[in-house]
Amino acid sequence: MDEIYDPAAVEAAAQQHWRALDAYRSKEHDPRFPKGKFYVCSMLPYPSGKLHMGHMRNYTLNDVVYRFMRSSGYNVMTPMGWDAFGLPAENAAIDKRIAPAKWTRANIADMKAQFAPMGFAFDWSREIATCDPSYYRWNQWLFLKMLKGGIAYRKTQIVNWDPVDNTVLANEQVVDGRGWRSGVPVEKREIPGYYLAITRYAEELLQQVKNDLEGWPAQVRTMQENWIGRSEGCEIHFPYAPDTREVVESDGALKVFTTRADTVFGATFMAIAAEHPIALAAGRLNPRLSAFIDECRHGAVMEADLATQEKKGMATGLHVLHPFTGKPIEVWVANYVLMGYGEGAVMGVPAHDERDFEFAHKNRLPIVGVVKSKTGAYDQVREPWIAPYSEYGITVNSGEFSGLEFQAAVDAIAAALQSRGLGCKRIQYRLRDWGISRQRYWGTPIPIIHCEVCGAVPVPEEDLPVVLPEDLVPDGTGNPLNKDERFLACTCPVCGKPARRETDTMDTFVDSSWYYMRYCCPDAPVMVDERTDYWMPVDQYIGGIEHAVLHLLYARFWTKVMRDLGLVKVNEPFKQLFTQGMLLAHCYYREDTNGKKRWFYPAEIEQQFDERGTPISAVAREDGKPVSYGGIEKMSKSKNNVVEPGAFIERFGADTARAFVMFAGPPDQSAPWSDASAKGVHQFLKRLWSFCYDHRERITSAPALVAASLGGGLKKVRHELHTCLQQALFDYQRTHYNTVVSATMKMLIALESAKGQPEAAPLLREGVSILLRTLYPIAPHVTHVLWVQLGYARELGDLLDAPLPAPAQDALRQDELELVVQVNGKLRGRVTVPAGANEDAIKAAALADEHVRKFVDKPIRKVIYVPGKLINIVV
RNA sequence: GCCCGAGUGGCGGAAUUGGUAGACGCAGCGGACUCAAAAUCCGCCGCCCUUAAAAGCGUGUCGGUUCGACUCCGACCUCGGGCACCA
């Protein structure tokens, strides 16, 4: 055994040992693990080329779960793969003139190499890259199944359009309402695309996230519930007035959905989206309105932009009729109403809706109060707006429906609407169908052929996969597939005439919606096979909180579609979910003359902080001139604020890196990266090594521990050890790994306090064996080597599968307890009592304490005793 | 704008969920060892008033519930994540 801890040598030896065992290859029904399977999976990384500390934290968590569950006796499987399609590869292509396929595969090789020194327990035999045809052919295959089942369908979608580069922009490529490369304001444009009908599953997705997913964090469940957004309300039809009938050249009615049917008599205007057929028809006759509709087309499609923009509207001059009074109501075009949501129209009730109130006020529209406050907050609505106006109350000025409470009014109005054929009760969801078409090259080709005669025809199953050519280089002016004759040219599978291939590719969320099922059977000649039935559901899924809604909702939906097609048996893919917080880092940029931002890597920057650690300024190393501060954000390639683990591992070793990212803070919380305190963790591992080295002979030759014969001092040390163990096991199970590291540090402190006593050897032997096994999932290399060197492996087997230590009840028991004495809730003293003392004796002891007596200067009203904790005397 | 989180010493954080606020570590200060430095080891370390002890004040802000609040309730401030084409 070496005297000095040498992480590089230790880690090489441990990894060699695991390689020789092929330790992480997992198989179904492995008889070595009678407790059954445990599938732990981390969200697969995008191969950006740089493995950063955020990845490290994520996959260390994954590895700790793997090792802890394997120590607990489970057949654990943990795979790894690559979310290999997507925008960054196209951006790299534009920048570096290199084909996305080449760039992506080189990055995968780089990142895999960067994983190696960390000692992660991945079963690499299950590796997947989503850009491989052997994977994405099943995206295409399932898409065709969905098309057949009506889950996939075609309709128009609204996208960000860059009028200079003539290309569709992703939301990320829109910066302050302008195209990121051209710098010109973006416009909305309608184009056709494919949708998946996730809304058909809205109710099941909602019910299960509410009631079944108990292993998920409450905040994620709430976010999904709110995202699905079920609301019960009424559909109301406002028949076209003669002027509208004339302009749109048809009979009909404007349909709206409302949760406040009780306020229908207060509707004083209707607001419709700029793309609504009535708006378009009215615009053809009215140049000013047409200009306004045009103006609404400016700007991006992001909800955050729409919600914060100034609310604007213009009258169409056309009318619809109130379903009960028959009075005409003017129709307005409003920029805050969206065609994609509901019916693209809302009824404006300014008296009882704050947004409608503002709109009416600004446009001098009438405000008619039709609800009276139940609590007496108001009788009549008048300016300014107060919150109670939107509360439920009693209907007034509502004809035959006056004098009703909210629910009674809604019921009566809905019934009346239904009998006239002008509406009904309806449940509406905020959730919208999932648009999967992307006008981009680097993704799964949508398996459709466009024929002039037969229209959009699905590619026959036997012709799958539709292979993406890998040698194209995008240049920022649209999808290069559109110019690639080899890809475009094909024949119609129905009529045999020459046809064109669809060039849109699928959203990359499709790739990540089912990869965790393919890991179970990566070589299957079908989408999934019986091995998937063995491993699914994922027992522990781990990933960033930023995926709380979209990815996790799509994956749940996709699983249900596969279930309904008989491909899998589970209803839900992820039994337990752990959402780890992100590592954040300061970011810095400079703007060029076009307003385009260049983001600096940390290594390119010299930072200055004030004494509180707040960044005050920074300069670029290249020219010594200041750069702008972009705040503290999640580590990501797009902001270049990534910290790579290479140098850290070289300096301290992988075990320090692993233990430090776990020790740095609670794993479910985001934290800014700093390695300032990494030294402490490294010193701990060094001290642990030295301790084992110094006492190696006592430990290996110690007789078995006889608890009853321990002296008072050693008994206390053993109590401390087992208390720490109990806490660590509890914290493992609730994923508080930061305090597991603390617990192992305390164990070492306890052992160090006992080492001087000659009769301590059996306790050292027990203590070190507990410490090593407790620390092992977090720092597996150093604990493995010490485990072998100190002879524990001969007795308890390889540390990979050695049983978890269990706290000894006799060690946890104490002869005496120290209790806190409070007077009126303030700490005033302490008393030490025998463990079995009764309540009256304890109270008497507390009152006898002289510090306590000083504060008991009034009659005692009450004495509260919390067993084992404290006594509170209320005077 | 809407939805979801977080805010505790100089810093990262702990407090088994209403019962001793500051565990464990970093930084800092003092000491031992050393010719010296590094490494290592020992001690101190929320604020305030003090020679000391004791008291008082302290968990973003303001208010409430309770014998007792970092923890529960209400309002607000700041920061982070998401908002459907970044992944």
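Just so we're on the same page: letters track the sequence lines, and every chain starts at 1.
U34(B) takes the anti form, because its glycosidic angle lies more than 90° either side of 0. Anti is the classification of G10(B), since its glycosidic angle lies more than 90° from 0.
The P atoms of C70(B) and U8(B) are separated by 14 Å, rounded to the nearest whole Å. Distance check on atom P: A39(B) versus C29(B) gives 14 Å, rounded to whole Å. The gap from the P atom of A84(B) to that of C3(B) amounts to 16 Å, rounded to the nearest Å. Spacing between G12(B) and A27(B) at atom C1', rounded to whole Å, works out to 11 Å. Look at the P atom in both A69(B) and C57(B): the space between them is 12 Å, to the nearest Å. Annotation: C72(B) and A55(B) have their C1' atoms spaced 30 Å apart (nearest Å). Comparing the same atom, P, in C4(B) and in A21(B) gives a spacing of 33 Å after rounding to whole Å. Across G81(B) and G28(B), the matching C1' atoms stand 35 Å from one another, rounded to whole Å.
Shown for residues 508-516 of chain A: residues whose heavy atoms fall under 4.0 angstrom of RNA chain B, namely T508(A), F509(A).
Set against A84(B), C57(B), G19(B), the side chain of K869(A) has G19(B) as its closest nucleotide. In this structure, the nucleotide among G12(B), G56(B), A84(B) sitting nearest to the side chain of A664(A) is G12(B). If you check U40(B), U20(B), C24(B) against the side chain of I749(A), the one that comes closest is C24(B). Here A23(B) is the nucleotide among A21(B), G19(B), A23(B) with the atom lying nearest to any side-chain atom of S742(A). Looking at the side chain of E546(A), the nearest of the listed nucleotides G82(B), G1(B), U17(B) is G82(B).
Counting distance only, with no hydrogens placed and no angle test, the side-chain atoms of N226(A) and the base atoms of C3(B) include no donor-acceptor pair under 3.5 Å. The base of U20(B) is paired with the side chain of R830(A) by a donor and an acceptor separated by under 3.5 Å.
Comparing F85(A) and M223(A) by the nucleotide of RNA chain B that holds the closest heavy atom to each, the one mapping nearer the 5' end is M223(A). When the nearest nucleotides of RNA chain B are assigned to Q822(A) and I864(A) by heavy-atom distance, the more 5′-ward of the two goes with Q822(A).
Under the Watson-Crick and G-U wobble criteria, each requiring two contacts below 3.5 Å, nucleotide A75(B) is paired to U61(B). Summarising the base pairing, A36(B) is matched to no nucleotide, lacking a Watson-Crick or G-U wobble pair whose two defining distances lie under 3.5 Å.
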message = Applying side-chain contact (heavy atoms from CB on, under 4.5 Å) to Y737(A) and F663(A), what does each step give before you reach the verdict?
response = CA-CA 7 Å; Y737(A) 301 141; F663(A) 183 60; over 6 Å; no
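Ring geometry, Y59(A) versus H55(A): the interplanar angle falls under 30°, so the pair is classed parallel (tilted spans 30 to 60°).
Taking D433(A) as the reference, Y153(A), T199(A) meet the side chain to side chain donor-acceptor pair (under 3.5 Å) condition, with sequence neighbours excluded.
Between Y195(A) and W434(A), the ring centre distance reaches or exceeds 6.0 Å. Outside the 6.0 Å centre-distance limit, the rings of W558(A) and Y516(A) are not counted as a close aromatic pair. Checked against the 6.0 Å centroid criterion, the rings of F652(A) and F660(A) do not qualify as a close aromatic pair. If you look at Y135(A) and Y515(A), their ring centroids are not closer than 6.0 Å.
Within the nucleic acid shown, N872(A) comes within 4.0 Å of at least one base atom, counting heavy atoms only.
OP1 or OP2 of A27(B) has at least one side-chain nitrogen or oxygen of K679(A) nearer than 4.0 Å.
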